[in-house]
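Below: one structure, written as structure tokens.
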Amino acid sequence: MEKKGFSSRLGFVLAAAGSAVGLGNIWRFPYLAAEHGGGMFLLVYLILAVTFGFTLMITEVALGRKTGKSAIGAYKFLSKKCSFIGYLEALVPMIIFPYYCVIGGWVVKFLGVYITDQGSAATSENYFGDFIGGVSEPLFCLGIFLVLTSVVVLLGVEKGIERVSKIMMPILIVISIGLSVYCVTLDGAMEGLIYYLRPDFEHFGIKTVVAAMGQLFYSMSLAMGIMVTYGSYMGKKDDLEKSVRHIELFDTGIAFIAGLMIIPAVFAFSGGKDLQQGPTLMFVTLPKVFNSFPGGNVVGFVFFVLVLFAALTSAISLMETIVSVFCEIFKAKRTVVCIVVMIVAFLLGVPSSLGFGVLSGVTIMGKSILDFFDYISNNIMMPIVALLLSIFIGWIVKPRVVVEEVESSGTFRFRKMYGILIKYIVPVCMIVILISSIIGYV
Ligand code: PFF
């Protein structure tokens, strides 16, 4: 990536939001909320977002801006001994990227469904299952998504994509709000709305917290070096705390709306029996919504175009990180690295894709292959990185480094809490989460 810097605070906020807002918000958040008790999950997520999410994001952005480097360089700059944290951070996108493209491929498929006017066929009981259970079609769609992402990264036209997505994103929000209003008014949807909004303490447990924490990392692109890189592009005078708040608000707002669109619809169309669908939830539920009103096919088409853009901007940020790390390590040419990353990502994406079909008999820790990669990255790797990061900042270089950086461009209102969180609360909670994840409790 070129070190050009953003021309304004808004530029930084929008670019970081482009990475943060993606399939995590629209596809992952609703199915996790559905699975983990609706309102309880939402409540836990919101609490974690304003505490942990904020703490980790401001830390990463400040590290990037202070050092002017991406993750690997930033840690090296502050402490040679701790530079391994940067490498560990760089590993996470490598696990996520291949399976992210598998889901991106599913979006491509649905775009095809609405282009060819097959919206009503897509509502049949086994339509989606048959698609992901196949071999050539999902792999072909994975390939298309991967090529689209690679072409952008290869040609270095992210700026163009970001510009387009700046226009697309507000349209996506407006359509999602419209759809959620429609879904909420469907027969039987009220029960879903209550399930989504009312915390039921019966659903509270470590499982919910672990799932919400993993989602937080994923959705906000945390603990993988991305926010460090974006921070390094940020203007020295831009208000850091405010920017981080805005990204968080944006990201959480879109996830919230997506849940509002999907969960009540699950109740309206299947009486709530699909709540445990997992990763396929959005693709099973939304076609039913689009099919239920006149002109739904057109709305379906527009919707999936927009989701594809949101997914692409996130996938680009994932691939960029991977490519720049390899360019740095191997001092290799960008074009070569891009092509190699594309091929390897495809090969690694194959088992995740086939895990819903010919490899469905293969489960790891009781999970499908895609779920397993998702679990390893979000529930194991990211807490490890967050733990190391909090120890590094809280105890080795001291929170002062971050506080001073934030205060160099504005007041740090959350300063006291920040110190306590990064030194004590984040590490302790990460250890608890890791232990629960590792002993297979969740
Ligand atoms: N935050 C993105 C999403 O919610 O879809 C996914 C993502 C992008 C994760 C970039 C990690 C990342 F580095």
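Quantities reported herein were computed from a predicted structural model and do not represent experimental measurements. All ligand and atom numbering here is 1-based and tracks the order in the structure.
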Fill in: Flag if over 12 foreign heavy atoms under 6.0 Å of NZ, K236
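Enclosed.
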
Less than 6.0 angstrom separating the ring centers of [X] and [Y], yes or no?
X: F301; Y: F290; answer: no
X: Y196; Y: F256; answer: yes
X: W106; Y: F110; answer: no

Discussion item. Check for me whether S317 has a heavy atom closer than 4.0 Å to any atom of ligand 1.
Written reply: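 Heavy atoms of S317 do come under 4.0 Å of ligand 1.
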
Item to complete: Using non-hydrogen atoms of the residue, decide whether W27 is closer than 4.0 angstrom to ligand 1.
Response: no

Fill in: D238 with R65: basic N within carboxylate O range, under 4.0 Å
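Salt bridge absent between D238 and R65.
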
Fill in: N-O pairing of D239 and R245 below 4.0 Å
no

Under 4.0 Å to a heavy atom of [X] - the qualifying atoms of ligand 1, by number:
X: G24; answer: 3 (C), 4 (O), 5 (O)
X: I226; answer: 10 (C), 12 (C), 13 (F)
X: L318; answer: 8 (C), 10 (C), 11 (C), 12 (C), 13 (F)
X: L23; answer: 5 (O)
X: N25; answer: 4 (O)

Item to complete: Measure from NZ or CZ of K367 to the centre of the six-membered ring of Y375, then state whether that distance is under 6.0 Å and the direction lies within 45° of the axis.
Response: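 Checked: cation-pi criterion met.
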
Which residue and non-hydrogen atom of the protein lie closest to [atom], and at what distance in Å?
atom: atom 11 (C) of ligand 1; result: M224 SD, 3.0 Å
atom: atom 4 (O) of ligand 1; result: A20 O, 2.9 Å
atom: atom 9 (C) of ligand 1; result: Y218 O, 3.5 Å

Item to complete: From atom 2 (C) of ligand 1, work out which of G22, P93, S19 has a heavy atom at the shortest distance.
Response: S19

Discussion item. Show, in sequence, the C-alpha distance, side-chain angles and deciding distance for E320 and R334, and conclude whether the salt bridge (Lys or Arg N to Asp or Glu O under 4.0 Å) test is met.
Written reply: CA-CA 10 Å; E320 264 295 350; R334 213 180 128 83; 3.2 Å; yes

